[in-house]
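Here the structure is laid out as structure tokens; the discussion comes afterwards.
No hydrogens, no waters, no symmetry mates; every other heavy atom, side chains included, goes into these values. Predicted, not measured: the structure shown is a model, and the values here were computed from it. Here is how names work: the chains are called A, B, and so on, in the same order as the sequence lines, proteins then strands, and each is numbered from 1.
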There are 2 protein chains.
Amino acid sequence: MDTNNLPANVLDPDCPSRVIFQRIGDKWASLVVQVLADGPIRFSELRKMVHVVTPKVLTQTLRTLERDGFITRTVHAQVPPRVDYELTELGASLLEPLTLLRLWAEDHVPSILKARDAYDDAQDEAVIGG
Amino acid sequence: MDTNNLPANVLDPDCPSRVIFQRIGDKWASLVVQVLADGPIRFSELRKMVHVVTPKVLTQTLRTLERDGFITRTVHAQVPPRVDYELTELGASLLEPLTLLRLWAEDHVPSILKARDAYDDAQDEAVIGG
DNA sequence: GTTATTGGTATCCATGAGGTAACTAAGTTC
DNA sequence: GAACTTAGTTACCTCATGGATACCAATAAC
């Protein structure tokens, strides 16, 4: 391992990649990015798409994504206000790995639910068996 | 949208794929899976690899991964005890998308840090400018 | 009988993530 | 002048996650 060239390593708690890796795993951030895949969208539309997120939390999520360079925020001088959010090139580049992960999750739902049932049954038997 | 055939959709809060998608984003789970990529490993070794995780939290993470069918837990009848954790086929299949995401994160660390600096500078100027 | 080892568990506690609800700006409509 | 609109902000509260610490079981070595 070449520590001079700072090899990024998610397992190192001091490596920025670990922080970034976990930011991607954020409850809302990755969902927002995937909604933005269909093009620019305004705040209220986004709220509807990402079902059940409070304005406060959505704002927090969007600010963080903006700060990290994943999205841009465009305020239109209108009344009532109109604000559009759009993926940057960086944000768009995240779509590919993120989509693969989403597809994996969607594909393996049955396997995981099955594993859970089997595990829970085994637990029950262990308890009954004493 | 065909609701009878249950099209998996991460954006639907009631879809199991959303839960699973977010479990992958768990602080420790995805890290553990990536460590297990190198083959079976015992509890104490795992703790050293995933740097700074308390035994309680590691146990919780491992139990959840086991329940969801990502890993197996093998207890050897020895004293002192030896417990090995190993990826299942399901868990191993997650490695591919997860690795792509990790590589993305590691590759884009500089871009993100740069975006952050630019954003913070802009914020500072806005404050100074009044 | 004391100590060391491994893989945990039990208990308590602090942080913070996220939810609720009310409020604001600013112009348009009624 | 009251109400509606969008895109938030603010204050307040709650609950779960995760951290710190101590302890335990079982046996072998000393």
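Rounded to an integer number of Å, the gap from Y85(B) OH to dG7(C) P is 8 Å. One interatomic measurement links the two molecules: CG of D26(A) to C1' of dG18(C), which rounds to 11 Å at whole-angstrom precision. Protein atom CG of L62(A) is 13 Å distant from nucleotide atom P of dG18(C), rounded to whole Å. Between Q22(A) atom CD and dA17(C) atom C1' there is a gap of 15 Å when expressed in whole angstrom units. Distance E66(B) CD to dG7(C) P: 15 Å, rounded to the nearest Å. For D84(B) and dG8(C), the CG to C1' distance is 15 Å, given to the nearest whole Å.
Using a 4.0 Å heavy-atom criterion, one finds that R73(B) contacts the sugar-phosphate atoms exclusively.
With a 4.5 Å cut-off on side-chain heavy atoms, L46(B) and L62(B) count as touching. E106(A) places a side-chain heavy atom less than 4.5 Å from the side chain of V10(B). Residues H108(A) and F70(B) are not in side-chain contact: their nearest non-hydrogen atoms beyond the backbone lie 4.5 Å or more apart.
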- Report the C-alpha separation of Q60(B) and R63(B) in whole Å, then their side-chain angles, then the decisive distance to 0.1 Å, and conclude whether the side-chain contact (heavy atoms from CB on, under 4.5 Å) test is met. CA-CA 5 Å; Q60(B) 282 173 356; R63(B) 288 294 134 81; 5.9 Å; no
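To the nearest 0.5 Å, atoms CD1 (I112(B)) and CD1 (I20(A)) are separated by 4.0 Å.
Here the closest non-hydrogen pair linking C15(A) and A8(A) is SG-CA, 3.8 Å.
Not a single donor-acceptor pair under 3.5 Å links the side chain of R18(B) to the backbone N or O of N9(B).
Within residues 29-44 of chain A, the residues having any heavy atom under 4.0 Å from DNA chain D are, by residue number, R42(A), F43(A), S44(A). For the segment residues 50-61 of chain A, residues with any heavy atom less than 4.0 angstrom from an atom of DNA chain C are, sorted by number, T54(A), K56(A), V57(A).
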Side-chain donor-acceptor distances from residues 78-87 of chain B under 3.5 Å, at least two apart:
from   : atom 1 : to     : atom 2 : distance (Å)
R82(B) : NE     : D84(B) : OD2    : 3.4
D84(B) : OD2    : H76(B) : NE2    : 2.9
Y85(B) : OH     : R73(B) : NE     : 3.2

Donor-acceptor contacts under 3.5 Å from residues 93-100 of chain B side chains, at least two apart:
from   : atom 1 : to      : atom 2 : distance (Å)
S93(B) : OG     : W104(A) : NE1    : 3.1
S93(B) : OG     : L90(B)  : O      : 2.6
T99(B) : OG1    : L95(B)  : O      : 2.6

Check: residues 37-45 of chain B side-chain donor-acceptor pairs under 3.5 Å, at least two apart:
from   : atom 1 : to     : atom 2 : distance (Å)
E45(B) : OE2    : K48(B) : NZ     : 3.4

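DNA chain C is contacted by both V79(B) and V79(A); V79(B) maps to the nucleotide lying nearer its 5′ end (nearest heavy atom per residue). Closest-nucleotide positions on DNA chain C for R63(B) and K27(A) were compared, and the one nearer the 5' end corresponds to R63(B).
Bracketed by its first and final contacts, the part of DNA chain D lying under 4.0 Å from non-hydrogen atoms of chain B reaches from dG18(D) to dT27(D) in 5' to 3' order.
For the side-chain contact (heavy atoms from CB on, under 4.5 Å) criterion with L65(B), the lone passing option out of D26(B), L36(B), T88(B), I71(B) is I71(B).
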